[in-house]
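For reference, the structure is listed below as structure tokens.
Letters A, B, ... are given to chains in the order of the sequence lines, protein chains preceding strands, and every chain is numbered from 1. Since we're looking at a predicted model, the values are computed, not measured. In what follows, every heavy atom counts, from backbone to side chain, and hydrogens, waters and symmetry copies are set aside.
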Amino acid sequence: MLDIRYIRENLEEVEARLKTRGEAIDLGQFRELDQQRRGLLQESETLKALRNKVSEEISKVRDKSLVQDRIAEMREVGQKIKELDEDLNKVEELLQAITYTIPNLPSRQTPLGASEEENVEIRRWGTPAVFDFTPRPHWEVGEALGILDFERGAKLTGARFTLYKGAGARLERALINFMLDLHTTRHGYTEMLPPFIVNRESMTGTGQLPKFEDDLFHLDGTDYFLIPTAEVPVTNIHRDEILKGSDLPLCYTAYTPCFRKEAGSYGKDTRGLIRQHQFNKVELVKFVTPETSYQELDRLLDNAEEILRQLELPYRVMELCTGDIGFSAARTYDIEVWLPGQNTYREISSCSNFEDFQARRAKIRFKQDEKAKPEFVHTLNGSGLAVGRTLVAILENCQQADGSVVVPKVLRPYLGGQERIG
RNA sequence: GGAGAGAUGGCCGAGUAGGUCGAAGGCGCUCGCCUGCUAAGCGAGUAUACUGGGAAACCGGUAUCGAGGGUUCGAAUCCCUCUCUCUCCGCCA
């Protein structure tokens, strides 16, 4: 959510910056409702002040029969207040509906562009291995090894659900532990294990609702949703709180499964593990002061990259352009891992600074010191990393001519020393 | 699932035959005084949001005692609904 006072005072600028996202947003209605709101508010509050004053006078009079006319008068004032407040509520509801569906302003540093075509490559790390055979896609590698079972996944649930078996299941678990261990022991994050189901307020706080309800699994008969990312529960940990400035930055990491409907992606990535309705992810979340948030974004990105470096998987970092960044984000870097089976780089992490957009929605504030006024924190998050896609990258990059897969060195302690699968 | 109890400011905790309660008191915290230092002591201050005025410091208004609604000139206090917490019983990993 943007600051309504900022919108009010910088209407043209806000419209222009939002336009760089590719969606034209007309703030004319906002302006009109905002004016209506303040008009109604002032009228109502003036009458309330009068009523409070007269009521106090009435309280001082013992014999109420002496003030019957004043009481009657206030009864009418009360009626008028009620009418004004009803109008005010309607206007505020409309206004809220608008402000909750306005996306964040892209950072001024975010490159301009209409679509992912115009994302900017920042750097590459590692050299894709040269194979003396044609590298196969991970679904072939995994099925041949008997560690991924797509057919039975579909039998158990449906399309885009997969059964991991034996060494596949263990490898996934090893990756989760490896990532969490690295982030907690080397990068200074505190591990969290949040609920995988959250309520509507939490989904609204981080920006999934009200606009993207179609992407979420909703639990019938409740107001609960399966989380699409740990970002939701972990960021909402401090919803409606005022943090101490001296406690910032707060850095949390969490493993959770993620559940996404993937509405609108029919026909995309139908094979393999790339696009699932349920997948595992280790997430990084930070609560920081506004002055430090871009510095912290660089660090968070580096923390995510470090996982790939340690796994020795080649990747590149892309900065998303204004046309491609998400609804709540001001600036975003994607990490894309090399997948030889598909001869392409694929997203494995997305690291964003939301500035105060989520903090304002979720009312996450801090005080610079005891006496300071509360300010909104900046929130950041990024995948560190998408676990299923990391497993995909290992199967494809580390596959051998004989169909086996060499386990990256840093993972071996998590697999009882096993060096090879198959 | 059945039966009860409760939800007040950063924390603890008063306040129910409606009015002077944004809310006693204590703790904590901040600033000052005092003491050679520490401890103790003394004094003052210590919520948030919206809104009007002001360049600003700041001043005014409104709202907030779990949430929403109702009664009333007036509600933390009365009524209704909901949420959450706790205790007991049942069930369960």
Donor-acceptor contacts, no H, no angles, side chain residues 209-221 of chain A, under 3.5 Å, sequence neighbours left out:
| unit_1 | atom_1 | unit_2 | atom_2 | d |
| --- | --- | --- | --- | --- |
| A:Lys211 | NZ | A:Thr101 | O | 3.2 |
| A:His218 | NE2 | A:Thr222 | O | 2.9 |

Protein and nucleotides 27-32 of chain B: nitrogen or oxygen contacts under 3.5 angstrom:
| unit_1 | atom_1 | unit_2 | atom_2 | d |
| --- | --- | --- | --- | --- |
| B:C29 | O2' | A:Glu370 | OE1 | 3.3 |
| B:U30 | O2' | A:Lys371 | NZ | 3.2 |

Original post:
Does any donor atom in the side chain of A:Ser55 or A:Asn52 lie under 3.5 Å from an acceptor atom in the other side chain?
Top reply: no
Original post:
Should A:Arg5 be listed as having a side-chain N or O under 4.0 Å from OP1 or OP2 of B:C50?
Top reply: yes
Original post:
Do A:Tyr255 and A:Asn177 come within less than 4.5 Å of each other through their side chains, counting heavy atoms only?
Top reply: no
Subject >> Candidate nucleotides B:A49, B:U51, B:G19, ranked by approach to the side chain of A:Ser55 - the nearest >> reply: B:G19
Pull out every protein N or O sitting under 3.5 Å from an N or O of nucleotides 7-10 of chain B, one pair per line with the distance.
none

Subject >> A:Ile58 side chain, from C-beta outward: closest of B:U48, B:U51, B:C73 >> reply: B:C73
**OP:** Scan A:Arg346, A:Gln276, A:Gln342 and name whichever one has a side-chain hydrogen bond (donor to acceptor under 3.5 Å, both in side chains) with A:Asp269.
**Re:** A:Arg346
Original post:
Touch check for A:Arg8, heavy atoms < 4.0 angstrom, all strands: base, sugar-phosphate only, or nothing?
Top reply: sugar-phosphate
Original post:
So, do A:Phe376 and A:Glu355 sit near enough that their side-chain heavy atoms are less than 4.5 Å apart?
Top reply: no
Original post:
When you measure from every atom of RNA chain B, which of residues 71-82 of chain A have a heavy atom less than 4.0 Å away?
Top reply: A:Ile71, A:Met74, A:Arg75, A:Lys82
Original post:
Which part of the nucleic acid, if any, lies within contact of A:Arg62, taking any heavy atom under 4.0 Å across all strands shown: a base, the sugar-phosphate backbone alone, or nothing?
Top reply: nothing
**OP:** Pick the C1' atom in B:U46 and in B:G25, then give their distance to the nearest Å.
**Re:** 16 Å
**OP:** Treat primed atoms plus P, OP1 and OP2 as sugar-phosphate and everything else as base, then score nucleotides 58-68 of chain B 5' to 3': B for base contact with protein heavy atoms under 4.0 Å, S for sugar-phosphate contact only, - for none.
**Re:** ---BBS-----
Original post:
Looking at B:C50, B:G19, B:A47, which one has an atom nearest to any side-chain atom of A:Lys367?
Top reply: B:A47
**OP:** Measure the acute angle between the ring planes of A:His183 and A:His187, then classify it against the limits of 30° and 60° as parallel, tilted or perpendicular.
**Re:** tilted
**OP:** Determine the interatomic distance between P on B:C79 and the same-named atom on B:U16; round to the nearest Å.
**Re:** 14 Å
**OP:** Just compare B:G19, B:U48, B:C84 and give me whichever is closest to any side-chain atom of A:Ile242.
**Re:** B:U48
**OP:** Step through it carefully: locate the ring centre of A:Phe259, locate the ring centre of A:Phe225, and say whether they are under 6.0 Å apart.
**Re:** no
**OP:** Represent RNA chain B in dot-bracket notation, 5' to 3'. Only Watson-Crick or G-U wobble pairs with both distances under 3.5 Å count; pseudoknot-style crossings use [ ] and interstrand partners use |.
**Re:** ((((((((.[[[..)...(.....]]]((((((.......))))))(((((((....))))))).[[[[[..)....]]]]])))))))....
Original post:
According to a strict under-4.0 Å criterion, is A:Arg38 in side-chain N/O contact with OP1 or OP2 of B:C50?
Top reply: no
Original post:
Are any of A:Arg70's side-chain N or O atoms less than 4.0 Å away from OP1 or OP2 of B:G74?
Top reply: no
